[in-house]
Amino acid sequence: MTLHRRQFLSRLAAYCAAAGIPAFALADDDHEHEHDEDRRREPDSTTSQPALPETGLTGRVVVVGGGMAGAAVAKFLRLWGGTGVQVTLVEREPRYTSNILSNLVLTNSVQMSDLAFDYARLASAYGIAVIRGEATAADPVAKKLTVATASGPQVLDYDRLVVAPGIDFAYPEGLQTPEAQALVPHAWKAGPQTTLLRDQIRAMPIGGTFVMTVPPTPYRCPPGPYERACVVADWVKRNKPGSKVIVLDANAAITAERESFTRAFEVTHGGVIDYVPNAPVTFVDTAAKTIHTPMGPFRGDVLNVIPTNVGPRLLADIGVANAARGFAGVDVLSYESTAVAGIHVIGDASATTQPKAGHIGNQEGKVCADAILRLLGGGTPDPSPVTNSSCYSPITWETASWLTAVFAYDPATRTMKVVPGATGEALAATKDHFEDMFVWFRTLMGDTFA
Ligand SMILES: Cc1cc2nc3c(=O)[nH]c(=O)nc-3n(C[C@H](O)[C@H](O)[C@H](O)COP(=O)(O)OP(=O)(O)OC[C@H]3O[C@@H](n4cnc5c(N)ncnc54)[C@H](O)[C@@H]3O)c2cc1C
């Protein structure tokens with residue numbers, strides 16, 4: 001166990017105890033023994049039992065995807081809607097692995113098990129029926145969802161369907177087979193790909209080259225790729241002296257926290273990071289370990305290609321993929337699809353003016369839950385929703401920067417617009433911000449899963 005990880009967990013536990021926020025259950029993994037002591041410090045997540053209100057509302061809501069957006073909408077439908085609102089959560093994985101903070105797994109500051117959240121609390125405290133399975137089809141007229149489970153197909157009836165399946169990838173030429181993807185990981189959905197990339201970085205030769213790509217916007221977590229470049233650069237400086245980090249950006253310039261990352265690339269990690277804009281991936285030659293772009297070929301010892309983000313296939317299969325790149329157009333007052341009535345799409349899968357981010361996914365889950373409850377009661381959605389987004393980006397092993405924005409509904413354009421004066425970013429990457437990052441993470445994940 002690293003000092004970082006121990007600090008991380010004890011900070012989480014201390015904050016949790018001080019704030020009275022119930023803890024989430026850390027899931028098991030290979031590092032089980034390391035967790036025993038830390039686990040004892042975790043308060044029992046089952047001790048606080050929220051009283052669900054009797055609102056008189058009734059209805060059946062099925063949610064697909066138990067990530068940042070799906071878990072949040074499921075929880076708040078029950079917390080605000082009460083016992084008459086039946087909520088079923090369909091999720092293909094046994095537990096959720098947070099993408100947030102997963103860049104720190106690459107440098108061993110955080111372990112995968114620190115990022116794992118199970119669904120036990122959503123089931124036990126909020127009475128959400130959790131079904132492990134893959135949603136495959138929906139009949140919007142009969143209002144039925146088909147789910148493939150280990151024991152065969154199940155058909156679920158719903159009054160409202162909420163779809164929150166995250167993103168998928170459009171792989172470039174050369175990376176379209178599972179074999180190629182196992183050689184050049186994306187690590188943009190936290191899980192085995194993250195540990196694969198971590199192991200490749202660890203095995204990189206001293207003086208080696210790490211080449212990574214930034215996909216064209218919109219993609220999940222706008223600052224995330226630049227943050228990755230920083231933490232990997234910081235790690236190689238200490239562990240693989242003389243190494244380089246090459247960042248090939250499909251976009252014309254850094255897409256988020258431009259000042260902070262320019263300073264980080266040119267000053268903090270000057271001489272280590274080479275930033276190349278206007279460099280979309282045209283071909284990946286896995287044998288020659290080379291990424292081809294209009295700016296030239298780039299050879300590396302470790303390649304990390306984050307492919308173009310697209311809407312998951314399910315969106316097209318159920319008829320809601322009516323925005324660019326197969327994402328779903330929605331009415332942001334309710335997140336109801338603009339293509340199919342009765343189906344709501346939240347999180348990264350929806351096409352809005354807000355960033356594809358976990359914090360916003362949580363916010364969209366709440367706005368959507370509120371709108372569905374009003375609709376079930378025969379009313380109309382809140383006409384003026386407000387959401388906010390925050391992102392912390394580690395720049396070194398002990399400093400971080402941050403970015404925040406508030407969005408409000410604009411009736412003229414029917415979009416969420418940034419509220420002037422309510423947007424900001426850190427003036428500098430500091431140790432305090434690094435510590436605050438764990439408090440923010442803990443609060444967000446507690447609000448979503450606990
Ligand atoms: C390295 C990295 C760092 C990040 N850092 C931040 C950050 O600092 N702040 C921030 O706000 N965001 C951050 N993000 C972005 C954030 O993780 C995503 O925006 C967020 O997870 C989106 O939430 P979601 O619910 O839409 O999708 P997800 O969280 O991906 O959840 C989707 C869920 O749906 C399930 N699913 C998909 N299809 C089906 C199906 N057919 N049937 C059943 N289940 C299905 C999946 O298994 C998954 O559990 C980061 C992302 C990365 C990659």
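Order of appearance sets the numbers: ligands from 1, and atoms from 1 within every ligand. Note: hydrogens, waters and symmetry copies are ignored here, and every other heavy atom, side chains too, is used. Given the structure is predicted, the values throughout are model-derived calculations rather than measurements.
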* Not counting sequence neighbours, which residues clear salt bridge (Lys or Arg N to Asp or Glu O under 4.0 Å) with R325? List them please. => none
* Contact between C391 and ligand 1, counting heavy atoms under 4.0 Å? -> yes
* Does L314, backbone or side chain, put an N or O under 3.5 Å from an N or O of ligand 1? -> no
* **Closest candidate by heavy atom, reference atom 4 (C) of ligand 1, pool A148, C221, A72** => C221
* To do: Determine, considering heavy atoms only, which of G66, A137, G166 sits nearest to atom 27 (O) of ligand 1.
  => G166
* Structure fact -> Shortest non-hydrogen pair, Q154 vs T149, comes out as NE2-CG2, 3.9 Å
* If we ignore angles and hydrogens, is there a donor and acceptor under 3.5 Å between the side chains of S113 and Q111? -> no
* Numbered atoms of ligand 1 (with element) below 4.0 Å of H359, judged on heavy atoms -> 10 (C), 11 (O)
* E227 N/O under 3.5 Å from ligand 1 N/O -> no
* Asked: Any sub-3.5 Å donor-acceptor pair from D159's side-chain atoms to R60's backbone N or O?
  -> yes
* Can you tell me the protein heavy atom closest to atom 38 (N) of ligand 1 and the distance? -> R92 NH2, 3.2 Å
* Asked: Among protein heavy atoms, which sits nearest to atom 23 (O) of ligand 1, and what does the distance come to when rounded to 0.1 Å?
  -> M68 CB, 3.6 Å
* To do: Check whether any side-chain N or O of D249 sits under 3.5 Å from a backbone N or O of T213 as a donor-acceptor pair, and report yes or no.
  => no
* Can an N or O of W188 be found at a distance shorter than 3.5 Å from an N or O of ligand 1? -> no
* Asked: Of all the atoms in ligand 1, which lie at a distance below 4.0 Å from a heavy atom belonging to A69?
  -> 25 (O)
* Ring geometry between F438 and F434 (parallel below 30°, tilted from 30 to 60°, perpendicular above 60°) -> perpendicular
* Asked: Any N/O of D348 closer than 3.5 Å to an N/O of ligand 1?
  -> yes
* To do: With heavy atoms only and a cut-off of under 4.0 Å, state how A164 meets ligand 1: side chain, backbone, both or neither.
  => backbone
* **Polar side-chain atom of Y171 near backbone of P307 as donor-acceptor pair, under 3.5 Å** => no
* **Cationic tip of K189 above F169 ring, under 6.0 Å, 45° of axis** => yes
* To do: Go through ligand 1 atom by atom and flag the ones less than 4.0 Å from a non-hydrogen atom of G347.
  => 26 (O)
* Check each atom of ligand 1 against the heavy atoms of N103 and keep those under 4.0 Å away; list them by number with element. => 1 (C)
* To do: Keeping the roles fixed (side chain from N239, backbone from W235), state whether a donor-acceptor pair exists under 3.5 Å.
  => yes
* **Per-atom contacts of ligand 1 with V90, taking only distances under 4.0 Å to non-hydrogen atoms** => 43 (C), 44 (N)
* D199: salt bridge (Lys or Arg N to Asp or Glu O under 4.0 Å) partners, not counting sequence neighbours -> none
* Report yes or no: does E257 contribute a side-chain atom to a donor-acceptor pair with the main-chain N or O of P222 at less than 3.5 Å? => no
* Asked: Among side-chain atoms of T136 and D317, is any donor-acceptor pair under 3.5 angstrom?
  -> no
* Side chain or backbone of V64 under 4.0 Å from ligand 1, or both, or neither, by non-hydrogen atoms? -> side chain
* To do: List the closest protein heavy-atom neighbour of atom 37 (C) of ligand 1: residue, atom name, distance to the nearest 0.1 Å.
  => P165 O, 3.4 Å
* Taking distance alone, with no angle check, do I346 and ligand 1 share an N/O pair under 3.5 Å? -> no
* For atom 12 (N) of ligand 1, what is the nearest protein heavy atom, given as residue, atom name and distance? -> G358 N, 2.9 Å
* Heavy atom under 4.0 Å from ligand 1: found in R220's side chain, backbone, both, or neither? -> side chain
* To do: With heavy atoms under 4.0 Å as the rule, classify the contact between W402 and ligand 1 as side chain, backbone, both or neither.
  => neither
* Judged by non-hydrogen atoms, does A135 sit under 4.0 Å from ligand 1? -> yes
* **Pair H433 + Y392: ring centers closer than 6.0 Å** => no
* **SB check D370 R374 (cutoff 4.0 Å)** => yes
* Specify the protein heavy atom at minimum distance from atom 34 (O) of ligand 1: its residue, its atom name, and the distance to 0.1 Å. => G65 CA, 3.2 Å
* Has K356 got its NZ or CZ under 6.0 Å from the middle of the six-membered ring of F327, at an angle within 45 degrees of the ring axis? -> yes
* Has ligand 1 got any nitrogen or oxygen that is less than 3.5 angstrom from a nitrogen or oxygen of Y96? -> yes
* Do ligand 1 and E91 have nitrogen or oxygen atoms that lie under 3.5 Å from each other? -> yes
* Are any side-chain N or O atoms of D301 and backbone N or O atoms of T209, one a donor and one an acceptor, separated by less than 3.5 Å? -> yes
* Asked: Do N103 side-chain atoms and G224 backbone N/O form a donor-acceptor pair below 3.5 Å?
  -> yes
* Return yes when G133 approaches ligand 1 closer than 4.0 angstrom through a heavy atom, no otherwise. => yes
* Asked: At a 4.0 Å threshold, what atoms of ligand 1 neighbour a non-hydrogen atom of S102?
  -> 1 (C)
* To do: Mind checking whether E134 contacts ligand 1 via backbone (N, CA, C, O), side chain (CB onward), both or neither, at a 4.0 Å heavy-atom cut-off?
  => both
* Would you say G224 contacts ligand 1, with heavy atoms under 4.0 Å as the rule? -> no
* Going by the order shown, which atoms of ligand 1 are within less than 4.0 Å of some heavy atom of K356? -> 19 (O)
* To do: Tell me yes or no: between the side chains of N99 and S102, is some donor less than 3.5 Å from an acceptor?
  => no
* Asked: Within the structure, does N99 bring an N/O atom to less than 3.5 angstrom of an N/O atom in ligand 1?
  -> yes
* To do: Just jot down the ligand 1 atoms closer than 4.0 angstrom to any heavy atom of G67, in number order.
  => 25 (O), 29 (O), 31 (O), 33 (C)
